[in-house]
Amino acid sequence: MTIATPSAGAAVCGRRTTVLGLGLGAALLLSACGGAGGEPSETAGAPTTPAETVTETASPSATATPSVTVTETASASPTAGDSPAGATQGYTSESGVFTWRFPETWSASQEDYNEELLDYQGVPYEEVLFQDSEGITQYRTTTGLGPTDNDGPKPDVVEVLEAEELPGIPVNEREEATGSGPVWYRASLYQANEDVPDLVSFEGGEFLLSVQVVNISEDLDPEAGDDSHWSSWFYEQPPAEGFEAGAAAVLSGSVTQDTAEEVTGLEAEEAMRAFLETEEYGQLRSVATSMEVTAP
């Protein structure tokens, strides 16, 4: 199964991260440029991620000191839980801003930490990766990002298969917020088109299941499959004390068609839809929706 960032064309200013992988999935390309407060990039990225990954991060300085953390040494102590998906452990990012819960059979690791943008937005850049013991199911969080755009090629939205509002997550309520509105969990079924013929996201087949945690404006339908769907692709946290703008976070994973077919025993779109009934999806969903945010 491959897990990746949300939209097929999200560009995130602040850093450039490229994740390449082998195995059952394809690869994740998340483009980023400039620093906080800079002009948004028009660089196109592609959504995907693999079971086996190699991460290349162009760090703005030598301050990036990623650490490898397994479940036994997660920042937050494991806590008992009654989630049917088995999310029984807690992990708090190195900055102390974000906390997630994850199943006992999963691990959590701080892939990157960088304070280069602290003077601009008050929070560090961080990457945290959650994955199961086989490295098949993954969920990646990239936080502390600068201004973003969503240019680039995009697949067709077949349907938003599930959408749930997450009212416990704080939002940036300032008028100038670029990511505004309530926070939602969204699972969307995408299909490749002529605009995305070469995206590695679809190397596993013509369909892709993308799960995201995003701000969705109150005047938009969270289940919309038209162009308004692409206006929501990140979460903007409330600004740190003494700062005007809140940092952006890309919180997502994806499942390729070949992975869904292997897990469900079905084919094509039928396999993608059936995947939502599997334990693998339940665990992935439980990690994504467990997020807690502490004001920086």
key: Residue list, ring-ring contact (aromatic ring centres under 6.0 Å, His included) with Phe130, at least two apart or on another chain   =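 Checked Phe130 against ring-ring contact (aromatic ring centres under 6.0 Å, His included); matches are Trp100, Phe102.
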message = If the condition is side chain to side chain donor-acceptor pair (under 3.5 Å), which residues does Ser95 pass it with, not counting sequence neighbours?
response =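 In terms of side chain to side chain donor-acceptor pair (under 3.5 Å), with neighbours along the sequence ignored, Ser95 is linked to Ser93, Glu126.
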request  = Quick one: list whatever passes side chain to side chain donor-acceptor pair (under 3.5 Å) with Glu206, sequence neighbours left out.
outcome  =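 For Glu206 the side chain to side chain donor-acceptor pair (under 3.5 Å) partners, ignoring immediate neighbours, are Gln191.
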ask   = Does a side chain donor of either Ser228 or Ser231 reach within less than 3.5 Å of an acceptor in the other side chain?
value =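 Result is no, nothing qualifies.
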ask   = Please walk me through it: do Glu111 and Tyr113 pass side-chain hydrogen bond (donor to acceptor under 3.5 Å, both in side chains)?
value = CA-CA 7 Å; Glu111 300 287 288; Tyr113 178 88; over 6 Å; no
Side chain to side chain, [X] and [Y], heavy atoms closer than 4.5 Å:
| X | Y | answer |
| --- | --- | --- |
| Leu208 | Phe202 | yes |
| Val123 | Phe243 | no |
| Val211 | Leu284 | yes |

message = Show the nearest heavy-atom pair for residues Val213 and Tyr185, with the distance to one decimal.
response =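 Here Val213 and Tyr185 meet closest at CG2-CD1, 4.4 Å.
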request  = Return the set of residues passing salt bridge (Lys or Arg N to Asp or Glu O under 4.0 Å) with Arg273 (not counting sequence neighbours), or none when no residue passes.
outcome  =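 Residues passing salt bridge (Lys or Arg N to Asp or Glu O under 4.0 Å) with Arg273: Glu159, Glu269.
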query = How would you list, by chain and number, every residue that makes a salt bridge (Lys or Arg N to Asp or Glu O under 4.0 Å) with Glu223, sequence neighbours excluded?
reply =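 Glu223 satisfies salt bridge (Lys or Arg N to Asp or Glu O under 4.0 Å) with no other residue.
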key: Of all pairs that satisfy salt bridge (Lys or Arg N to Asp or Glu O under 4.0 Å), the ones with a partner from residues 285-295, not counting sequence neighbours   =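 Those involving residues 285-295 are Glu162-Arg285, Glu164-Arg285.
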